[in-house]
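Only one structure is covered here, and it is reproduced in the block below.
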Protein chains: 4
Amino acid sequence: MSNKEFSRSEDSKNRILLAAAEIFSHKGLDGARVDDIARSAEINKRMIYHYFGSKENLYVEVLRHNYNKINDLGQETYIPGDDPMENAVRALRSYFYFLASDEQFVRLVSWEALNRGRFGSKVLPQFLELTQANLGEIIHEGIEKGVFRADLDIRQVLLSIHSLCLVYFTRRELVQHMWSRDMMSEDMLESRLQHVIDFVFNGILTHREDCVNDSN
Amino acid sequence: MSNKEFSRSEDSKNRILLAAAEIFSHKGLDGARVDDIARSAEINKRMIYHYFGSKENLYVEVLRHNYNKINDLGQETYIPGDDPMENAVRALRSYFYFLASDEQFVRLVSWEALNRGRFGSKVLPQFLELTQANLGEIIHEGIEKGVFRADLDIRQVLLSIHSLCLVYFTRRELVQHMWSRDMMSEDMLESRLQHVIDFVFNGILTHREDCVNDSN
Amino acid sequence: MSNKEFSRSEDSKNRILLAAAEIFSHKGLDGARVDDIARSAEINKRMIYHYFGSKENLYVEVLRHNYNKINDLGQETYIPGDDPMENAVRALRSYFYFLASDEQFVRLVSWEALNRGRFGSKVLPQFLELTQANLGEIIHEGIEKGVFRADLDIRQVLLSIHSLCLVYFTRRELVQHMWSRDMMSEDMLESRLQHVIDFVFNGILTHREDCVNDSN
Amino acid sequence: MSNKEFSRSEDSKNRILLAAAEIFSHKGLDGARVDDIARSAEINKRMIYHYFGSKENLYVEVLRHNYNKINDLGQETYIPGDDPMENAVRALRSYFYFLASDEQFVRLVSWEALNRGRFGSKVLPQFLELTQANLGEIIHEGIEKGVFRADLDIRQVLLSIHSLCLVYFTRRELVQHMWSRDMMSEDMLESRLQHVIDFVFNGILTHREDCVNDSN
DNA sequence: AATGAATGAGTATTCATTCAT
DNA sequence: AATGAATGAATACTCATTCAT
């Protein structure tokens, strides 16, 4: 009984976690209601306390579960000997589409930022590090190989790339309202990504193009 | 008699607004407590309802009050005949330091984004437009004068610039934890701004510099 | 100054009383709001406390003021030597139209009944006595003259007449809904009154008619 | 298991309803306090909101519950072929003693009348109709059989009978004060009922009984 | 392992009343 | 005589959590 793939209890616990993740991501810790989570998980409220002890604790578990998603990310995009630019583009694309695909993650991370890590940040590993360790190395390599400018502060660059990807999703509603386009359509996603890549490599000044165009 | 500098009631209303802004910005709408606001404003809770009707309404007024801050911003930085780059740098600097100086604004806007404009976005003008109308025109002008690349999608550029400035503040805690420096110190602020400016104009690729160097 | 017809203060006091009467009559003591009364009287709330001391006290004054209206009633309808039936009809008509004309009175008296005289009945004279002292004597006289049945319990008759008139007004809404006619129109009022008179004198049995018809 | 006589929740819900009925009937919607109801029902206040949603809603349920009592009334008093007068007396007696036995009902209905059906009348069927459909038919039948006068407006008669019964209870306190007798004693109740019956059938004029044409 | 019912401490909101001028 | 601003105590309603089974 206990060694089925998923015991009944594992299943319940999971249902709670998924329902909670969804609701916390939409409403935040303070806005979420334990009753709503229970209803959405189709489970008795009491079970939440049985498995997780408290709302706060459940929230932390939801965070942990989401932060783990990052581990699945980006490792496979790095091809050791390859051109740093190629590697960077792959990493960037991988990160961008990860954010695009997982609204829940993006929102949870944002709530957490606003709550100044009331819970998550103290208990959990800093996810930014995880995210960008990879990209950090690529850039470092690119600088060493002379492909990227030597005067760059890698941390600033990482933060900037992070920003360029993230805000497209965190301010989606507002921007959507201004652009009146479906910002999550394939087209729009891809053009944002292209813009970001271009922006990261070229900036906005004209004379660049003279140099870069031919190599492009 | 009634038009003294500030009537007593104006003063009370203001105290409430300021206290509320501070608390809402820290805890969000759901996390804030009316009692805390009253205590912080050193006023009877009843007056909050007298002047604002409800917690929600008070929140909307706080948003309105904050969004208005943008109007005071950036207009004076634009010098008509000047070099678009100079104008852009000034606008960027002005926006960056506005965000740096007003944590409250940054946080309120972020809560609002997460709440998908539960209140603000319906009632209030889209603040992003206001913010960047200015910068938008500068870039447009820059493109026409051939200073900026003609193939730019201005909206994407605006969003990118917005992102590069904003995230430094919205993720301050997390980044601070990684960089272990006081991110709000004059030094750090200025180097972030320099990075952003440089990033916007030059991107990260090496060869640019070769072209740009002479003009630099 | 103080011996004008109505000093300013008298006027304010009156405005409060009238506004309060209207609001108490509509919403009852518990449902009425001091703020509403002040607003309706176009006076500062503080004045209510100045003149009346408390909401409860104001309510009592409103009751007193209304109960006094009864004094203006019915005395003039009684013609000493006249046929008791004529006198009774006149008294009945007078009472019925008094109720018809003064919804406020009817409602206040009804609230008071439901509140089991939480205030009014202990402080104020029993208005039923006042109302019907007159009619009581007429019936008494009618019995002595052999016009009315000798076996009547006058108190029961008075209560019955009172009921027949009153309920038409106290249940107006409900009845109106069933009858779908404007129950306060001249027509409807008069036919109710005629019914009551007829009912009081004749009851509903047929055989009466044999006797009465021809004389009619 | 779940269909025991009364599940625990049914029992709680019922306790709330009964306590609320009692308190609402005494104090009205505005005068009643949710805390009092909870205390009286010996239950946690929260359960009131769990089962009924709001004070107002609970009030409506109390009304519904009370209005339903009418359904249990009067049907069995009607004997098809019987003398209309007998049937009428039975119906009248049944209604009169129903009111006598259920102060709660009488008071709730009265509050509702004063509140002009703020809630009840919109949500619930018109109870007057229900009450008197029965009596209405009896009178109709009586008229057809020539027992009751043909010129009667049945609706007026119904309202009159209603009035004669009702006011004895709605103005109980005031009348009691005047009559100084226990108006709810068996004796007094029965004599009021006899008076009403007599009054309805005979009115107050003398000649009727003898069929006294000549004195007219 | 699971559940329906219950709870106490909180939380927004309202109200009659009073203060300062 | 009058007012605008302020207050404390209540009041309706909510929420995370626990009890009994």
Side-chain angles (χ1 to χ4, degrees), chain A residues 1-2 7-13 29-38 43-58, chain B residues 1-2 7-13 30-38 42-58, chain C residues 1-2 7-13 29-38 42-58, chain D residues 1-2 7-13 30 32-38 42-58:
Chain A
M1 221 184 261
S2 60
S7 69
R8 191 140 65 106
S9 79
E10 274 305 307
D11 180 51
S12 294
K13 200 171 166 181
L29 174 58
D30 288 317
R33 299 290 158 246
V34 174
D35 283 271
D36 291 346
I37 293 171
I43 209 155
N44 189 282
K45 199 172 20 165
R46 188 63 186 77
M47 288 293 94
I48 292 176
Y49 291 90
H50 183 244
Y51 287 122
F52 296 94
S54 74
K55 180 189 180 185
E56 226 171 272
N57 227 54
L58 173 57
Chain B
M1 220 180 263
S2 59
S7 70
R8 191 141 56 104
S9 81
E10 275 305 308
D11 179 51
S12 294
K13 202 172 164 181
D30 289 317
R33 298 290 158 247
V34 175
D35 283 275
D36 291 346
I37 294 171
E42 292 184 305
I43 207 158
N44 188 282
K45 195 176 18 168
R46 184 65 184 76
M47 297 317 280
I48 292 177
Y49 291 91
H50 182 245
Y51 288 121
F52 296 94
S54 72
K55 180 187 179 184
E56 223 171 274
N57 222 58
L58 174 56
Chain C
M1 220 184 262
S2 61
S7 68
R8 189 143 63 108
S9 79
E10 275 305 306
D11 180 51
S12 295
K13 199 171 167 181
L29 175 58
D30 288 317
R33 300 288 158 248
V34 174
D35 283 271
D36 291 347
I37 293 171
E42 294 183 304
I43 208 154
N44 188 281
K45 201 175 14 169
R46 188 65 186 77
M47 287 293 95
I48 292 177
Y49 292 90
H50 183 243
Y51 287 122
F52 296 94
S54 74
K55 180 189 181 185
E56 226 171 273
N57 226 54
L58 174 56
Chain D
M1 221 181 263
S2 60
S7 69
R8 193 141 55 105
S9 82
E10 275 303 309
D11 180 50
S12 294
K13 201 173 165 181
D30 289 316
R33 298 289 159 248
V34 174
D35 283 276
D36 291 346
I37 293 171
E42 292 185 304
I43 207 158
N44 187 283
K45 192 175 22 167
R46 185 62 184 76
M47 297 317 280
I48 292 178
Y49 291 91
H50 181 244
Y51 287 123
F52 295 95
S54 74
K55 181 188 179 185
E56 225 172 271
N57 222 58
L58 174 57

Query raised in the report: Which is true for D:H50 with a 4.0 Å heavy-atom rule: it touches a base, it touches only sugar-phosphate, or it touches nothing?
Result: nothing
**Report entry** Touch class at under 4.0 angstrom, heavy-atom based, for D:I48 against every strand present
**Finding:** nothing
Query raised in the report: So does A:S12 get a side-chain nitrogen or oxygen closer than 4.0 Å to the phosphate oxygens (OP1/OP2) of E:dA2?
Result: yes
Query raised in the report: Base, sugar-phosphate, or nothing: which does C:F52 touch, judged by heavy atoms less than 4.0 Å apart?
Result: nothing
Query - Separation of atom CD in C:E42 from atom P in F:dA2, rounded to whole Å - result: 14 Å
Query - Rounded interatomic separation in angstrom, taking CD1 from B:I37 and P from E:dT11 - result: 13 Å
Report summary line: Shortest non-hydrogen pair, B:D30 vs A:G31, comes out as OD2-CA, 3.4 Å
Query raised in the report: Given Watson-Crick or G-U pairs with both distances under 3.5 Å, what dot-bracket string fits DNA chain E, with | for other-strand pairs and [ ] for crossing?
Result: .||||||||||||||||||||
Query raised in the report: Excluding sequence neighbours, so at least two apart, what forms side chain to side chain contact (heavy atoms under 4.5 Å, CB included) with D:N57?
Result: D:S54
**Report entry** Separation of atom NZ in B:K13 from atom P in F:dA6, rounded to whole Å
**Finding:** 12 Å
**Report entry** Interatomic distance where CE belongs to B:M47 and C1' belongs to F:dA5 [whole Å]
**Finding:** 5 Å
Query raised in the report: Are C:L58 and C:I37 close enough that some pair of their side-chain heavy atoms sits under 4.5 Å apart?
Result: yes
Query - Sequence-aligned protein contact record of nucleotides 15-21 of chain F, with B where the base is within under 4.0 Å of a protein heavy atom and S where only the sugar-phosphate is - result: BSBBB--
Query raised in the report: Got a second to check how far B:R46's CZ is from B:Y51's OH, nearest 0.5 Å?
Result: 11.0 Å
Query raised in the report: What is the distance from CD of D:E10 to P of E:dA5, rounded to the nearest Å?
Result: 9 Å
Query raised in the report: In chain order, what residues pass the side-chain hydrogen bond (donor to acceptor under 3.5 Å, both in side chains) check against B:N44, with sequence neighbours excluded?
Result: none
Report task. Taking D:K55 for its side chain and D:I48 for its backbone only, find out whether a donor-acceptor pair lies under 3.5 Å. Result -> no
Query raised in the report: With respect to the phosphate group of F:dA5, does any side-chain polar atom (N or O) of B:S9 fall under 4.0 Å of OP1 or OP2?
Result: yes
Report summary line: Interatomic distance, CE@A:M47 vs NZ@A:K13, rounded to 0.5 Å, equals 12.0 Å
Report summary line: To the nearest angstrom, the CD1-C1' distance between C:I43 and F:dG4 comes to 14 Å
Query raised in the report: Residues in salt bridge (Lys or Arg N to Asp or Glu O under 4.0 Å) with B:K45, at least two apart?
Result: B:D35
